[in-house]
Each structure stands twice: as structure tokens, then as C-alpha cells.
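In what follows, a structure is listed as C-alpha cells, so that the remarks can point back to it.
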Amino acid sequence: MEAGQNLIGGGWRASDSGATFVTVDPTNGETIGVVPDGGATDIDAAVTAARDALGDPQWARMSPSERARLLWRVADLLERDAEEIAVLETRDQGQPLRIARNVSVAGAVEHFRYYAGWCTKIDGRAPAHSRADALNYTRRVPVGVCGLITPWNFPLLIAAWKLAPALACGNTVVLKPAEQTPLTALRLARIFIEAGFPPGVVNVVTGGPEAGRALVEHDGVDKVSFTGSTEVGRSIVRGSAGNLKRLSLELGGKAASVIVGDADLERAVAGNLQSGIQNSGQVCAASSRFYVARPRYEEFAERLAKAAAAVQLGPGQDPDTQMGPVVGEEHLSRVDGYVRSGVEQGAALLTGGARAAGPLARGSFYLPTVFADADDGMRIAREEIFGPVLTVMPFDDLDEVAARVNDSEYGLAASVWTRDLATAHHLADRIHAGCVRVNMVAGIDPAAPWGGMKASGWGREMGTEAIEDYTEVKSVWIGLE
Ligand code: NAD
């Protein structure tokens, strides 16, 4: 069993209160780790350490190329321990080991390398102003202490996509991972120490909502970058008002997928199933409502249901597993509640609709579920389920479907499946979402911006956009007379 401690100011510490909580393997409900249940005083200590480190010459005067070397070293160490860390992620989160290796750990490595490259390229500019008596130049400077709050669906990867740009820009950080999946964040903390980061630059405090709230409300924090639910995102906007800290919010989604009449149906079925059930549907960008051109609707729904019924469920560490459990029992009940609402509201359940029976009944396994004959007003078509529940509906023309896709409080991601370039551009233009995919499965890359419109959030992670989000612009005037 893993026994973790918080990393604060370069030292390992239990929580101030001595409280702990356990984390379980969702494939069988067994306890696999015990970690500190951090509260306001632990967060305060971590924020103080991060503030001290901001001014510490070891960090403040570190050259960009030295910072780059440290970040690159984190990537190397992650790669060295990749298999061990992937297994840890699978045990804590439930994701198939293939995903833990190829998406979570490999993706984290890529983020550290990508932003290591950025350290030496964060330039200002010399604006073409009209004053002959002065020189003006701008610099991008660190925002300061960044509070990073992460969810449980991709614990390591999401921590990496916040830590890497925050540190590349010269900030210091306090990371608060989700209480369901704290283990890889603490493992990553060990890597930061081994890589040689100065004490207090990276702090990790495990805990639940109380620790998150303390970080959001702390006046010593200059920016919060949060990934999680829209509901908590709203409370963070309110909680951060005290010192008007900067906010990046990556929130919920209800991604639509439009399957146009000319789409390659075989590819569309396989791609949409993968986009819908990868990581058991616990992906903010997972496609979950499918609008299919009426002439292909029945065929698509039947083929999707058949493919969903054939998905191999099992423990993440079994190489034959295509889909693991959902993160835990509480979440399974929530997913099942949505499925019951779909049945009650009159949608046709084509496959799934229950937890897995037999040997998998011990774990939190939910069968891939496909509904047809739904309408846009049903909860399964409107609300984020964050589970393997796919809802298929017909459409008649492109204007109609664009309006229906946009009739959502969310605007995170959407997909279009068509062989016609004009249709693809037309829909990509009309859809209000931070990301539109054409003929491809959901995925990310550190170089491309990621984030949502409307209630899916504020700001963008990854790419140049994250560099802008983790810096402030300073304008310097020099008198020339
Ligand atoms: P959540 O909002 O319940 O929790 C996320 C984190 O916030 C956890 O660390 C939690 O402890 C903390 N927290 C809870 N209450 C808090 C409060 N009042 N103040 C501060 N922190 C608080 O979300 P979750 O259930 O862990 O994750 C699922 C959600 O995350 C889904 O809505 C999903 O769409 C979203 N998500 C979004 C993205 C994206 O990039 N847009 C990516 C992954 C997940």
C-alpha cells in the first residue's frame, strides 16, 4: 500500500491535523493508498513556501536555459519510471494500462518537453509607438504563486499540462490533486525533488474540497488554474474575488458529434465509439450526443450499439481490456441515475444500461450504453454524464443540426464526420466550441490550445496560449532625453 505525505517547502509532511484519507482501486474496491487530508493550515504553509520561493534567488534568478534543463529532467525521470507510474495511475484511476502508458505518462512527458523548449522563447516586444523621447519595451513576467486544482479523470496528465507551462514561465505552484486519485501527483512530487527544483517551487497538498477552497480564497495566491466541474468552477469565480486572482477554468462539456449523410460509416462508428467510451467516458471532451443524418440514423445507431456491446470490460492491467471501471461507486450511481432518467423520459435503450455482472460486479464497472430515439430536451442529451452513455438522435439539415449542437450551456468540443470539405468547414465555423474535430477521435497535443467557450470555461491551456495565461505583460518606458 502507498503511504503518501505532502510536499511543502521541499520537505515531506503529514497534514497539520494528522487526518488522512484512503484511495481505492476501482476494479475491486481495495484500499491502495493513504494520504494526508490537507486543510486550510496545510494550504497556508504551502502557499507561504511558494511565495518565499518566488523571491529566492535560486529560482528568481535562474536563467531560462537552466529552467528548461530542470523541466527536461522531469520528463527524463518520468520516462525512466514510466511503467511504474503508469501502473500506479491505472490502479488509482482505473484506466486501461494502455491509456496510462500512451496517453497519461507519455502525454505528461511531452508536456514537460514542449514547455522546456518554451523557457528560452518567452519574449517581449518593442511596440512601434510615436514618442521620439522614449523607448518602450514589454516583458512577460511570471504571474506569481499559482494554485493548480485537478480532477480525477486524467490525474497525472492534467497536473502536467498545468505544471509545465506554469514553471516554464517562472511561477511557483501549489498543486491540489483530486481526492479520488492523489497517488501520481505525490509520485510526481518525488520526481521534482530528484530533478533538482529548489525547495518551495513545487508544493503538493492532497485533500478534498476544503483544501481546494482554501487555495482559491488565499490572498497569497495570484492565479488559480482549475480543471473540474462547471458547478465548482462557478464557486471558484466567487471564492477568488478577494484579491481578484487570475483564473483559468477548464470545466464540463457535452460534446456533440455530427455524422453527415456522406460520412464513412465504418470509420464513424469506430471513431465515435472510441471518442464516447475512452477512459469509460470520463473525458471532458468525450462525444456523448450524436446527431446522425436521418437516412443513416438507424444503421448508425444499430452499428454503434453492436460495437458497444462487444467492448471488452476488465481491470486496467489486463492487456485485453478495452474499457475499465468508472472511478468509484459514488460516480457509478450518478451514471446509473442518468441512465434511469433516459429510460423514464422515453429514450430507447439499445444496449447496456446496468453495471457489469459476474466477476466484474465487485468493481465499479458500467456497461457501455447506447440510447436512440431521444430528444434534445432529455437529461441524457443535455447534461454531462461523464460515463459511457451515448445518445443518438436524427437530424434533417445542416442549419438545424448546427443550431441543435449550439443549444447547450457548454461549448468545449464537437466532432464532424463527413467526406465533404465544404460541409466540414461550414460546420466547424458554425459550432460554438473551443475545439472542433473533423473525422477524428478526441485527443490533445501540447502545441495546440485546449479549452472551452460558454460554461465550459475561461482561458486556454497548452500551446502559446498557456504561456500567455501564466504570465503578465509589463510595459517598460525609458526616457531618452
Ligand atoms: P470536481 O469539480 O468535483 O473536482 C475537481 C477538483 O476540485 C478536485 O480536486 C476537488 O477536490 C476540487 N474541489 C471541489 N470543490 C471545490 C471547491 N469548492 N473549491 C475548490 N476546489 C474544489 O470535478 P471532478 O468530478 O473531479 O471532475 C470531473 C469534471 O471535470 C467534469 O465536469 C469534467 O468535464 C471536468 N473536466 C474538464 C476538463 C477540461 O479540460 N475542460 C478536463 C477534465 C475534466
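When a ligand or atom number is given, it counts from 1 through the structure's own listing order.
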Q) Quick one: which of Cys284, Ala178, Pro151 has a heavy atom closest to atom 38 (C) of ligand 1? A) Cys284
Q. Please state which protein non-hydrogen atom is closest to atom 35 (C) of ligand 1 and give its distance, to 0.1 Å?
A. Gly228 O, 3.2 Å
Q | Asn171 side-chain N/O to Pro142 backbone N/O, donor-acceptor pair under 3.5 Å | A | no
(Q) Just verifying a value: how many Å separate Ser248 OG and Ile236 CD1, rounded to the nearest 0.5 Å? (A) 11.0 Å
Q. Should you measure from each heavy atom of Leu412, which atoms of ligand 1 turn up under 4.0 Å away?
A. 41 (N)
Q. Should Glu344 and Arg379 count as an ion pair when the cut-off is N to O under 4.0 Å?
A. no
(Q) Out of all atoms in ligand 1, which are within 4.0 Å of some heavy atom of Gly212? Include the element for each. (A) 19 (N), 20 (C), 21 (N)
Q. Should the proximity of Ser235 to ligand 1, defined as any heavy atom under 4.0 Å, be assigned to the side chain, the backbone, both, or neither?
A. side chain
Q. Is the backbone N or O of His432 less than 3.5 Å from a side-chain atom of Asn406, with the two atoms forming a donor-acceptor pair by type?
A. yes
(Q) Within the structure provided, determine whether Leu251 and Tyr410 are in side-chain contact (heavy-atom separation under 4.5 Å). (A) no
Q: Give the ring-plane orientation class for His111 versus Tyr115, where under 30° counts as parallel, over 60° as perpendicular and anything between as tilted.
A: parallel
Q | Residue, atom name and distance, where the atom is the protein heavy atom closest to atom 3 (O) of ligand 1 | A | Ser229 OG, 4.0 Å
Q: Please confirm whether Trp450 comes under 4.0 Å of ligand 1, counting heavy atoms of the residue only.
A: yes
Q | Nitrogen or oxygen atoms of Thr150 and ligand 1 under 3.5 Å apart | A | yes
Q) For atom 32 (O) of ligand 1, which of Arg238, Glu330, Glu384 has the closest heavy atom? A) Glu384
(Q) Nearest 0.5 Å, please: how far is CD in Gln95 from CG in Leu156? (A) 9.0 Å
Q. Is there a nitrogen or oxygen of Glu179 sitting under 3.5 Å from a nitrogen or oxygen of ligand 1?
A. yes
**Q.** Within-shell test, Gly452 vs ligand 1, heavy atom, strictly < 4.0 Å
**A.** no
Q) Counting only heavy atoms, which portion of Ile158 has something under 4.0 Å from ligand 1: side chain, backbone, both, or neither? A) side chain
(Q) Using a 3.5 Å cut-off on N or O atoms only, is Asn153 in polar contact with ligand 1? (A) no
Q.
With a cutoff of 4.0 Å, is Gly457 in contact with ligand 1, counting heavy atoms of the residue only?
A. no
Q.
For Phe226, which part has a heavy atom under 4.0 Å from ligand 1: side chain, backbone, both, or neither?
A. side chain
Q. For the residue pair Trp59 and Phe197, does the interplanar ring angle fall in the parallel (under 30°), tilted (30 to 60°) or perpendicular (over 60°) class?
A. tilted
Q | Among Thr181, Leu251, Ile149, closest by any non-hydrogen atom to atom 37 (C) of ligand 1 | A | Leu251
(Q) Please confirm whether the ring centroid of Phe386 lies under 6.0 Å from the ring centroid of Trp152. (A) yes
Q: Look at atom 13 (N) of ligand 1 and find which of Thr230, Thr227, Val232 reaches it with the closest heavy atom.
A: Val232
Q.
Just verifying a value: how many Å separate Ser240 OG and Arg213 CZ, rounded to the nearest 0.5 Å?
A. 14.0 Å
Q: Starting from atom 25 (O) of ligand 1, locate the nearest protein heavy atom and write down its residue, its atom name and how far away it is, to 0.1 Å.
A: Trp152 NE1, 2.9 Å
**Q.** Trp417 six-ring centre to Arg267 NZ/CZ under 6.0 Å and within 45° of normal
**A.** no
Q: Could you check atom 28 (C) of ligand 1 against the protein and tell me its nearest heavy-atom contact, residue, atom and distance included?
A: Phe386 CE2, 3.6 Å
Q | From Thr206, Asp42, Asn203, residue fulfilling side-chain hydrogen bond (donor to acceptor under 3.5 Å, both in side chains) relative to Asn6 | A | Thr206
